[in-house]
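Remarks on the structure that follows.
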Amino acid sequence: MKPEYDAVIVGAGVAGCMAAAALGIRGSGLRTLLIDRNPRTEVGKKTTLGWICGDAVGEHHAKFVHDELGITFGAPEIENRVNLVVVCSPDMKVTHPFEGPGYLLDRPRFARHLLNEALKTGIEYRDQTQAVDLLTEDNFVRGVVCQSLRDRQARSYKVSSRLVIDASGMSTKLRRNLSIPSFIEKEIDRDDIEPTIRLIARLADGSKVDSSRGEIYFDADKAPGGYLWIFPKARNKVNIGLGIQQKRTSKSLETLLNAWIAETPLFKGMTELADDDNLPGAWPVSVRHQNDSLVANGFMLAGDAGWFPNPVSAGGIGPSMTGGVIAGRVAAKALQGGDVSETYLWEYNTRYVDKYGKKTAALEAFRIYLQTLDNSELNYGLRNFVTRKEAIDLTWGEVSELSLGDKIQKVALGLRKLSAFRNLAYTVSSMRALNQLYDEYPKAPSGFVEWKKKVDAILGAVRERFR
């Protein structure tokens, strides 16, 4: 029988809406169904508490979406524009640029804007609908099993399709239950998940921030294994929060956030906001490189389901925008060509790696190293080993021009914890090797196994060294 749809997209978050919009524009009559577990007015909501994230996205991601799909962004979904994001040392004596220009979003409005753009293309949309399993036949995914969340007693029902795009989040059951042969990794290591917490607040009268820049603070005491942030939505309105590596502290996220707020004069007397019921809350984020294969026969991963967030900054909106567009473009081409096999869909892997993913394994190695440092090492390293140019390079996972080995020999001799900076030289060498491997990402599935062994060997050695 003819499938009900050409494509079913599971999850109307950033990646899902971008994939739907790309399929609709490029699709020329393709029957696309987008489903989401939230009510339409709350599309993209992560928990009952709201759209939990830092609300920041790089301008280059928005430009890519505009160039590919013609979608524009402005008020009210953009609350503020920043020129850069800077990293601050624990002692606050050193700052380095970490990201370029970008936007601070009103997340509920941004989510609705993305959905509206997808709907303009003529796709079908079902809210309060959850995909609970995949339909498979002859080693292909052939659709999904759905359940209505309007009626908990409702029976599950099948939706057949030629292709399924899973954009339903980091913990998706669809990826974990994928039963057909594929190169997709199904599970994520606990150490590659960063618990985060954030709130949005209006500062007290007289308190203001520099609204032209966001700030990230590395502090192994206040945010063990992670960082804290202040992202300005206006001069007197901020998104503040922190992320941690759970094994490095016994304290709760709430305890750490409240302690930071209590000791920071800027936050004295501030008022927590909950516009659109976007309440303070916590959310786990993946901080490893993306799944090295995002495709199987009749199946694709996008966004958090494919572990897209940046391994150092944990920023996931931008990669999901970029990856969602590429997924939709490749899906449309495959559907129109009548071939949704892993081999034909492989272009999604190569295009995503080329556009964004080629840097993430190197950044994962750098993140693993950073999580071993105490505040004295962070202060010393940021002051002596990273120039402005090198900080910008590291943002992109680039290390070819760093001369850290020479600096270690000249500056760090006699340092109490010289081993930490020898480890930096080792990490940089590993990053270079990973970057070279991703420049050689296999053009077809036939070369994947041997290539993947090399990636896993390098990252496995990094993890073992810093265990």
Side-chain angles (χ1 to χ4, degrees), residues 10-11 13-16 46-47 52-54 131-134 164-197 224-227 243-249 253 282-296 299-320 323-324 327 348-349 352-353 356-371 397 434 438 448 451-453 455-464 466-467:
V10 181
V14 175
K46 292 188 173 182
T47 75
I52 311 299
C53 71
V132 296
D133 205 354
L134 294 169
V164 172
I165 300 178
D166 182 9
S168 59
M170 182 183 70
S171 300
T172 170
K173 291 182 179 179
L174 304 185
R175 181 196 68 232
R176 288 187 283 121
N177 294 341
L178 184 65
S179 60
I180 65 172
S182 79
F183 297 125
I184 291 174
E185 295 174 72
K186 297 179 182 179
E187 301 292 346
I188 184 170
D189 190 281
R190 184 178 178 181
D191 286 345
D192 291 330
I193 299 174
E194 184 170 287
T196 64
I197 188 170
Y227 66 84
I244 61 171
Q245 188 177 37
Q246 190 65 69
K247 72 178 183 180
R248 299 191 180 276
T249 181
L253 288 169
W283 185 253
V285 180
S286 64
V287 285
R288 56 154 282 171
H289 68 293
Q290 74 279 349
N291 211 311
D292 277 320
S293 179
L294 300 166
V295 300
F299 186 71
M300 306 171 80
L301 293 171
D304 288 359
W307 307 324
F308 280 10
N310 183 300
V312 174
S313 71
I317 297 174
S320 290
Y348 175 36
N349 283 335
Y352 185 75
V353 164
Y356 185 84
K358 61 186 176 184
K359 71 179 182 177
T360 58
L363 288 174
E364 180 181 341
F366 189 54
R367 184 263 300 172
I368 293 169
Y369 162 73
L370 283 176
Q371 289 176 322
L434 287 165
Y438 278 82
F448 183 80
W451 175 88
K452 177 67 171 167
K453 286 179 183 177
V455 171
D456 290 347
I458 295 172
L459 284 173
V462 171
R463 290 176 182 277
E464 186 62 30
F466 299 125
R467 188 180 298 276

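A centroid separation of 6.0 Å or more is found between the aromatic rings of Y356 and F308.
With rounding to the nearest 0.5 Å, the separation of OG in S293 from CD1 in I184 is 5.5 Å. Here the OG-CD1 distance, from S171 to I193, works out to 6.5 Å after rounding to the nearest 0.5 Å. How far CZ of R190 is from CD of Q246: 7.0 Å, rounded to the nearest 0.5 Å. From I188, atom CD1 reaches atom NZ of K186 across 16.0 Å, with rounding to the nearest 0.5 Å. Atoms OG1 and CG, on T172 and D166 in that order, are 3.5 Å from each other to the nearest 0.5 Å. From L253, atom CG reaches atom CD of E194 across 9.5 Å, with rounding to the nearest 0.5 Å.
The shortest heavy-atom contact between Q245 and D191 is NE2-O, 3.6 Å. In plain terms, the two heavy atoms of I165 and A302 that are nearest each other are CG2-CB, 4.3 Å. Shown here for I180 and A296, the closest heavy-atom pair between the two residues is CD1-CB, 4.0 Å. The two residues D304 and W283 have their closest heavy-atom pair at OD2-NE1, 4.4 Å. Considering all non-hydrogen atoms of both residues, I52 and A282 come closest at CG2-C, 3.9 Å. The two residues A365 and L434 have their closest heavy-atom pair at CB-CD1, 4.1 Å.
Among the candidates R367, H289, Q290, the single residue satisfying the side chain to side chain donor-acceptor pair (under 3.5 Å) test with T360 is Q290. With E185 as reference, R288 is the one residue of R175, R288, R176 to meet the salt bridge (Lys or Arg N to Asp or Glu O under 4.0 Å) rule.
A heavy-atom distance below 4.5 Å is found between the side chains of V312 and F366. Residues M300 and Y348 form a side-chain contact, since some pair of their non-hydrogen atoms from C-beta on lies under 4.5 Å apart.
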Inset, instruction - Starting from the C-alpha separation in whole Å, work towards a yes-or-no answer on side-chain contact (heavy atoms from CB on, under 4.5 Å) for Y438 and D292. - result: CA-CA 10 Å; Y438 278 82; D292 277 320; 2.6 Å; yes

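The 12-atom threshold is not exceeded at NZ of K173, counting heavy atoms of other residues, nucleotides or ligands nearer than 6.0 Å.
With N349 contributing its side chain and L294 its backbone, the two residues share a donor-acceptor pair below 3.5 Å.
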